[in-house]
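A note on names: the letters A, B, ... follow the listed sequences, proteins ahead of strands, and every chain is numbered from 1. In what follows, every heavy atom counts, from backbone to side chain, and hydrogens, waters and symmetry copies are set aside.
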Amino acid sequence: MDYLQGLNPNQKLAVTTTEGPLLVIAGAGSGKTRVLTTRIAYLIRERQVPPYRIAAVTFTNKAAQEMRERLHALIGPSAEQVAMGTFHSLCVRILRSEVAYSAYQPNFQIFDQTEQLALIREVCRELNLDPKRIPPKALLASISKAKDELITPEEYPAAGGDFWEQTVAKVYGKYQQKLVQNNALDFDDLIMVVVRMFQQHPQIKNKYQERFEHILVDEYQDTNRAQYELVHILAQRTGNICVVGDEDQSIYAFRGADIRNILEFEKDFPGAQVVKLEENYRSTQNILGAANSVISNNTERKAKQLWTKRDPGEKAVFYQGDNERGEARFVADTIRRLQKERGWSYRDFTILYRTHALSRVLEEEFMRSGVPYRIVAGLRFYERKEIKDLLAYLRLINNPHSDLSFVRVVNTPKRGIGASTIARLSAYAQEFGISLFEALSYLDGIDGLSPRFVKALRGFKNLIDSLCEQSGELDLTELVQAVLEQSGYLAELQAEGDEEAQIRMENLQEFLSLTKQFETEGSAADLGALLEYVALISDVDTYDAEANAVSMMTVHASKGLEFPVVFIVGLEEGIFPHARSTFEEGQVEEERRLMYVAMTRAQERLFLTCAQQRTLYGATRPNAVSSFVREIDGQYLEEQGSSFMSVQRILPPTAPKPGVSPDAYQVGDKVEHKVWGRGMVVSVSDSGGDLLLSIAFPGKGIKKVMAHLAPITKV
DNA sequence: TATATAGTGTTTTTT
DNA sequence: ACACTATATA
């Protein structure tokens, strides 16, 4: 049992307590993933549990992947047999096997938020609801909440409820009907449908209860009601349920996560044992002390004190800039200083913020001072228009009855098929209860369609029919290429020819390399598998820790990650904690947990910054220092010069470049930028003695820089 | 049917 | 400030 070596006593206990319910309270950086993987290895090796009888649930694909890799290293190929994945991917797998017991066809698809909203808007139109008075987003939030709580449209309180609930009930019913019509499920459905199936068909429930002897759940503090129910059902027979979590890191209440699940585990699972992992292996004493002093202000938590054997390290540093630019300058200067003086690499630094809106100033400052950076999440690959268009084509080929995909691509690229034509087609389809695509077979029977539109629609039908045929013969990459070429999509982009079209084409190229990779790696490389894969992955999954650049992300995105040096920026009242949280005490506690998560990402150094005055959303206002900063025990904190000048003394600014003459740059000049690489000047304008250049960097877009300040050289 | 303009709402979002 | 959406107009 050499793999138990090096575990501390509580970690060992968490690994070897294999029978009955077990709650592992795993503080930040306490070796949680190691415990989980070792536990699975222990079950297989020491307790002779067959690997396929173990289910391990995580919250991200990345976490599942990491766990699988580590398990593989411990026990070899049998790691592949463990049912490991996110709640959603596990449910999709169950649903695939038992689809006959559901309301869906085997080739069902999964709708993301954009598609959900499109459907809601459609329902609102049909019900004559004013989207201004009744925002589709709010409707979707209410529906999603209902699904998280396993409430069906029929059960939704229509009669007894207030006006809002009555409205939601109406929309919910129609929305669900449309989902089924589209043979589609939203993310919430995936869980709810499986739970319902278990409840209605005891033989299926029994099958999975028999199958899984041991259930492990990671990040239990972030489970919602439906997920709780699923876990509960699966574990009912054996009672072998191990959940791992930390109530102090519960930051997804707004998505339905119910902190109650972890706080009351012992009530829900009588006889449960509890193991606490309080030794932190990640951060220095000062960082941990600072984080502890903040989180101890929360009341909704179990008493817990993280400790570490590590050295005290340096104190956390607090800095207040005059404004957001001064703050950004401090961050950039400090990074360059530590990089030079202490030998850190750019990849060792991470900047965390409460909202994406704060990233822009930092970006500008980094660009100016030549610090390489990348933003994690934010602009999402799979939410880009061109990718979604392409996916809609692929979905339509996979399932021609998908009306939503149909509407998305029928006039993309432009084929002269507009809203009124689609409305006529749609009316016909509705009358006969068929899909839009099917309706294309009866074009002669539709009133009010002039020959011009009939011809356009027929052309579209031929295109899709032809692509469907080809999909049988071509491999995935070839099929995607065929779609892009035969649909005219690529041609339209080429015709546009501007920088934006260029980027879109590169993204599509990127998608092609993804399908190539999928083909070589995936066991089942068919279209359905690809669509399912892209529906369930996110961008944090593709976060690459290798690239040598400073990373920036929201605090939410940083969960589960760790970095040598962390900057938490925008620590101002109203920003962090966010203004919308200050009304309810429960929400302030959630913000505090968010702050705690942010602080505990840091291994060696922690910097906390804010600005006296900030321009945000077009308004400039003075901001008070975040109450969270004031909650930090003074012994762990050191204040650094509050004006830009004092930083300058420590670090001389970049040597000023010689002045730029008005004709130093001309449109068409090729330049080399320290961060963005090679580019071409597309516009030059005079700006207070300096030149403002717009430079097009292939694949990175057009960036505006000051000739005098930017790290560029002519080539 | 495609395009220009006005209006709107701006936390976080593992899936 | 800005990006996205709904509506008016050519």
How would nucleotides 1-10 of chain C be written as a contact map, 5' to 3', with B for base contact, S for sugar-phosphate-only contact and - for no contact, using protein heavy atoms under 4.0 Å?
-> BSS--S----
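Residue A:Phe111 is classed as having no contact, given no heavy-atom separation below 4.0 Å to the nucleic acid. Counting any heavy atom pair closer than 4.0 Å across all strands shown, A:Asp222 reaches a base atom. Using a 4.0 Å heavy-atom criterion, one finds that A:Tyr252 contacts the bases of the nucleic acid, with or without backbone contacts as well. Among the atoms of the strands shown, only primed sugar atoms or phosphate atoms (P, OP1, OP2) are found under 4.0 Å from some heavy atom of A:Thr421.
Rounded to an integer number of Å, the gap from A:Ile251 CD1 to B:dT11 C1' is 12 Å. Between A:Glu572 atom CD and B:dT11 atom P there is a gap of 15 Å when expressed in whole angstrom units. Regarding A:Asp188, its CG atom lies at a distance of 17 Å from the P atom of B:dT13, rounded to whole Å. Atom C1' of nucleotide B:dT12 and atom CE of A:Met595 are separated by 16 Å, given to the nearest angstrom. A straight line from CD of A:Gln249 to P of B:dT14 spans 17 Å, rounded to a whole angstrom. In this structure, CG of A:Asp148 is placed 13 Å from C1' of B:dT14, rounded to the nearest angstrom. The NZ-P distance, from A:Lys559 to B:dT14, rounds to 12 Å in whole Å. In this entry the distance linking CD of A:Gln65 with P of B:dT14 reads 16 Å, nearest Å.
Annotation: side chain of A:Asn182 is in contact with side chain of A:Phe111 (closest heavy-atom distance under 4.5 Å). A 4.5 Å side-chain heavy-atom check between A:Ile417 and A:Leu425 finds every atom pair outside the cut-off. Counting heavy atoms from C-beta outward, A:Gln65 and A:Met84 have side chains that stay 4.5 Å or more apart.
Each of B:dT14, B:dT12, B:dA2 was ranked by its minimum atom distance to the side chain of A:Lys414; first place goes to B:dA2. Closest to the side chain of A:Arg580, out of B:dT12, B:dT14, B:dT11, is B:dT11.
Between A:Phe460 and A:Phe406, the ring planes lie perpendicular to each other; the angle is over 60°, past the 30° to 60° tilted range.
Close to B:dT10, at under 4.0 Å from its OP1 or OP2, lies no side-chain N or O of A:Thr355. Residue A:His356 has a polar side-chain atom (N or O) positioned under 4.0 Å from OP1 or OP2 of B:dT13.
Under a 3.5 Å cut-off, the side chain of A:Asn261 and the backbone N or O of A:Gln221 do not form any donor-acceptor pair.
Taking the six-membered ring for Trp, A:His556 and A:Phe254 have ring centres closer than 6.0 Å.
Where A:Ala357 and A:Arg415 meet DNA chain B, the nucleotide closest to each residue was compared, and A:Arg415 sits on the side nearer the 5' end. Nearest-nucleotide mapping onto DNA chain B: of A:Arg354 and A:Ser89, the residue sitting toward the 5' end is A:Arg354.
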I would like to know whether A:Tyr596 and A:Glu591 meet side-chain hydrogen bond (donor to acceptor under 3.5 Å, both in side chains); could you show each step before the answer?
-> CA-CA 9 Å; A:Tyr596 177 74; A:Glu591 293 282 309; over 6 Å; no
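Here A:Phe254 packs flat against the base of B:dT12; its ring centre is closer than 5.5 angstrom to the base's six-membered ring, tilted by less than 30 degrees. Applying the 5.5 angstrom centroid cut-off and the 30 degree plane-angle cut-off, the aromatic ring of A:His578 is stacked upon the base of B:dT11.
Distance noted for atom P between B:dT13 and C:dC4: 16 Å (whole Å). Distance noted for atom C1' between B:dT14 and C:dA3: 26 Å (whole Å).
Checked options A:Asp188, A:Asn224, A:Asp189; the residue passing with A:Lys147 is A:Asp189 (criterion: side chain to side chain donor-acceptor pair (under 3.5 Å)).
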